[in-house]
There are 2 protein chains.
Amino acid sequence: MKDVAAAAGVGLKTVSRVVNGESGVTPEMAARVQAAIEALGFRRNDSARLLRTGRTASVALLLEDISDPFSSALSRAVEQVAAAEGCLLFTGSSGEQPHREKELALAFCARRVDGLIVVPAGHDHGYLLPEVESGTPVVFLDRPGSIAADAVLSDNAGGAKAGTAHLIAHGHRRIGFIGDLPTIHTAAERARGYREAMAEAGLPVDEKWIDCGPTDRARVAAAVHRLTTGPDAVTALFTANNRVTLAALHHLPATARPALVGFDDLELADLLTPALTVVAQDPVALGALAARRLFDRLAGEASPPARLEIPTLLIPRGSGETPPGEG
Amino acid sequence: MKDVAAAAGVGLKTVSRVVNGESGVTPEMAARVQAAIEALGFRRNDSARLLRTGRTASVALLLEDISDPFSSALSRAVEQVAAAEGCLLFTGSSGEQPHREKELALAFCARRVDGLIVVPAGHDHGYLLPEVESGTPVVFLDRPGSIAADAVLSDNAGGAKAGTAHLIAHGHRRIGFIGDLPTIHTAAERARGYREAMAEAGLPVDEKWIDCGPTDRARVAAAVHRLTTGPDAVTALFTANNRVTLAALHHLPATARPALVGFDDLELADLLTPALTVVAQDPVALGALAARRLFDRLAGEASPPARLEIPTLLIPRGSGETPPGEG
DNA sequence: CTGAAAGCGCTTACAG
DNA sequence: CTGAAAGCGCTTACAG
């Protein structure tokens with residue numbers, strides 16, 4: 001910019017004005033500056049500009065794993081809102097590791113992102129307190145955080161309850177629940193919804209029917225096997241997230257399958273035989289709302305932190321409507 | 001930082017040294033600075049630091065649509081390499097719109113990202129020339145760009161050729177090809193592979209068998225209908241990307257289906273009836289190689305721009321092994 | 001071991 | 001309409 005000013009024989013401020021399209025520059029002056037800009041191949045350094053301005057026109061989205069379809073759908077929704085606000089988007093994956101979540105979040109804050117959307121991996125977000133206090137808005141997404149800040153969540157309990165009730169309505173009394181690690185908020189909430197539906201129907205829950213743990217194939221396969229064989233086998237299964245459902249589908253016998261309802265929709269769910277009944281989340285709505293909230297905070301919204309919930313949708317397709325003893 | 005220096009009664013440089021863990025500070029001095037840092041809640045502003053340093057420790061990945069499973073897999077792979085290099089990652093989606101690609105790419109460059117990985121939406125990348133010349137490495141991913149720069153691609157023609165040859169090997173002579181817009185490089189390459197396989201087998205290609213266009217459901221449905229009905233119906237179909245395959249699966253009759261091979265793997269492909277035979281790309285390898293290449297350039301690698309190709313993998317699962325007239 | 005000066009590339013306030 | 005000065009928050013190069 002200094003070079004451009006020198007080449008055009010004008011002051012720095014005039015170049016700045018031309019670059020920013022500000023008014024109050026004579027056409028001839030502007031033309032001279034423009035010529036110098038092109039001759040030198042000048043391109044404004046936005047990082048420098050933003051340093052002076054105080055904001056960075058960027059927000060960060062901290063996900064569990066961007067390659068997961070749920071995460072990537074969130075990401076696109078956030079990106080769209082950010083773009084409309086003229087903000088660029090940093091993304092990062094914690095891989096469900098609390099130390100990585102913290103490391104990435106603080107790295108984003110050190111860059112002075114204007115705001116931060118976090119899908120929590122850990123349970124202690126005290127490290128974000130100084131950032132929040134110094135004015136960086138934080139919105140938790142998909143799971144609540146441990147500090148006072150907005151949170152945008154699915155109605156996990158309600159969805160699981162509806163899915164379980166759906167199985168009950170189709171005659172099932174012995175229903176298995178295979179979920180994620182109970183330390184994960186969404187997993188705990190979905191288990192709660194399952195229990196609520198059973199309780200409201202007056203059905204006893206055998207604790208052996210509830211199997212929570214990591215979502216790797218082997219563990220889910222073992223759970224499926226344990227729950228669906230033997231004299232005490234369940235007649236229906238509620239699989240509490242997309243990875244569990246996927247793994248279960250791979251390990252369920254082709255014939256004599258229990259009824260199945262999964263939490264989270266899958267891309268080819270409707271083409272399976274039978275088609276898969278799911279409780280679908282709306283990741284686009286979740287991401288958009290979280291981003292909207294973040295920018296509202298940035299715009300000065302000062303109401304107390306809120307927990308916003310997005311409803312889920314039960315989509316009956318076949319696998320959840322088979323009566324017990326048939327399947 | 002100035003405040004910290006004042007509070008600790010030391011020079012600015014001493015604070016800088018403590019913050020950066022540089023040696024050459026007496027323990028008592030360091031303790032005093034540390035105390036001031038904590039009292040004031042000081043956190044270093046990396047953006048300012050990086051302005052002085054000349055780099056930004058960030059790279060950008062410009063995708064077609066981050067919510068697409070192929071894109072999000074690329075993204076995770078790139079992120080992993082970037083993280084290992086201590087770089088944060090900007091992501092953005094062009095939505096297949098050239099003007100948006102340009103807008104985003106230039107915005108990233110204006111932030112002075114250290115490097116840029118682009119999945120091209122447009123065909124003219126002349127606008128990136130000044131950036132490349134001024135030292136910002138650019139790597140094209142999935143599709144080549146119009147300027148001299150590294151490109152990391154799948155073996156699209158080879159994969160489509162293998163998939164088509166597979167159908168031929170199973171007795172098909174009338175094979176339909178449903179693809180993306182022919183202006184998209186990958187689509188054109190896959191069509192070329194199809195033609196090559198047919199030619200090598202000495203099979204004539206009726207131009208009516210080749211249907212290229214946008215990948216929306218309606219258009220693909222029409223193509224499927226046109227190709228698979230009437231006296232001239234094909235006995236097999238090659239669907240040239242994940243969206244086309246998905247749409248075709250939804251519109252193919254449940255019975256009397258033509259044999260089917262799809263380009264790109266799908267998450268539940270193995271659980272369909274019949275299971276879906278695909279030519280799988282390796283998005284993780286693609287993303288990792290592109291990122292690797294970018295950082296090699298950043299590290300000074302000065303060889304001429306190269307086109308790097310990742311092989312595809314034919315995965316026979318059932319839908320591509322049915323002979324003609326059975327289906 | 002420690003710090004005052006200059007500068008990264010821009011903008012904000014302020015004179016002319 | 002135009003520009004010189006000061007400053008955003010840090011680091012680099014250099015004295016002490």
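Sequence lines set the chain letters: A, B, ... in the order given, protein chains first and strands last, and positions in each chain run from 1.
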Among [options], find the nucleotide with the atom closest to the side chain of [X].
X: B:Arg49; options: D:dT11, D:dG9, D:dT2; result: D:dT11
X: A:Val25; options: D:dT12, C:dA13, D:dT2; result: D:dT2
X: B:Met29; options: D:dG3, D:dT11, C:dT2; result: C:dT2

Assign [X] to base, sugar-phosphate, or nothing according to its heavy-atom contacts below 4.0 angstrom with the strands shown.
X: A:Arg43; result: sugar-phosphate
X: B:Asp46; result: nothing
X: A:Val10; result: sugar-phosphate

Is [X] close enough to [N] that one of its side-chain N or O atoms is under 4.0 Å from OP1 or OP2 there?
X: B:Ser16; N: D:dC10; value: no
X: B:Lys2; N: D:dC8; value: yes
X: B:Thr26; N: C:dC1; value: no
X: A:Thr14; N: D:dG3; value: yes
X: B:Arg44; N: D:dT11; value: yes
X: A:Asn45; N: C:dC8; value: no

Gap between atoms [atom1] and [atom2], on [X] and [N] respectively (whole Å):
X: A:Leu50; N: D:dC8; atom1: CG; atom2: P; answer: 16 Å
X: A:Leu51; N: D:dG7; atom1: CG; atom2: P; answer: 14 Å
X: B:Glu22; N: C:dG3; atom1: CD; atom2: C1'; answer: 13 Å
X: B:Arg17; N: D:dG9; atom1: CZ; atom2: P; answer: 21 Å
X: A:Arg111; N: D:dC10; atom1: CZ; atom2: P; answer: 14 Å
X: B:Lys13; N: D:dT12; atom1: NZ; atom2: P; answer: 7 Å
X: A:Arg32; N: D:dG3; atom1: CZ; atom2: P; answer: 8 Å
X: A:Leu12; N: D:dC8; atom1: CG; atom2: P; answer: 17 Å

Pair assignment for C:dA15, Watson-Crick or G-U wobble, requiring both distances under 3.5 Å: D:dT2
Decide whether [X] and [Y] meet the rule of one side-chain donor and one side-chain acceptor closer than 3.5 Å.
X: A:Arg76; Y: B:Ser67; value: no
X: B:Ser93; Y: A:Glu79; value: yes
X: B:Ser134; Y: A:Arg43; value: yes
X: B:Tyr127; Y: B:Glu101; value: yes
X: B:Glu64; Y: B:Ser71; value: no
X: A:Glu96; Y: A:Ser94; value: no

Pairwise 5' ranking along DNA chain C for B:Thr53 and B:Gly24, keeping only the more 5' one: B:Gly24
Any N/O donor-acceptor pair, B:Arg52 side-chain to C:dG9 base, under 3.5 Å: no
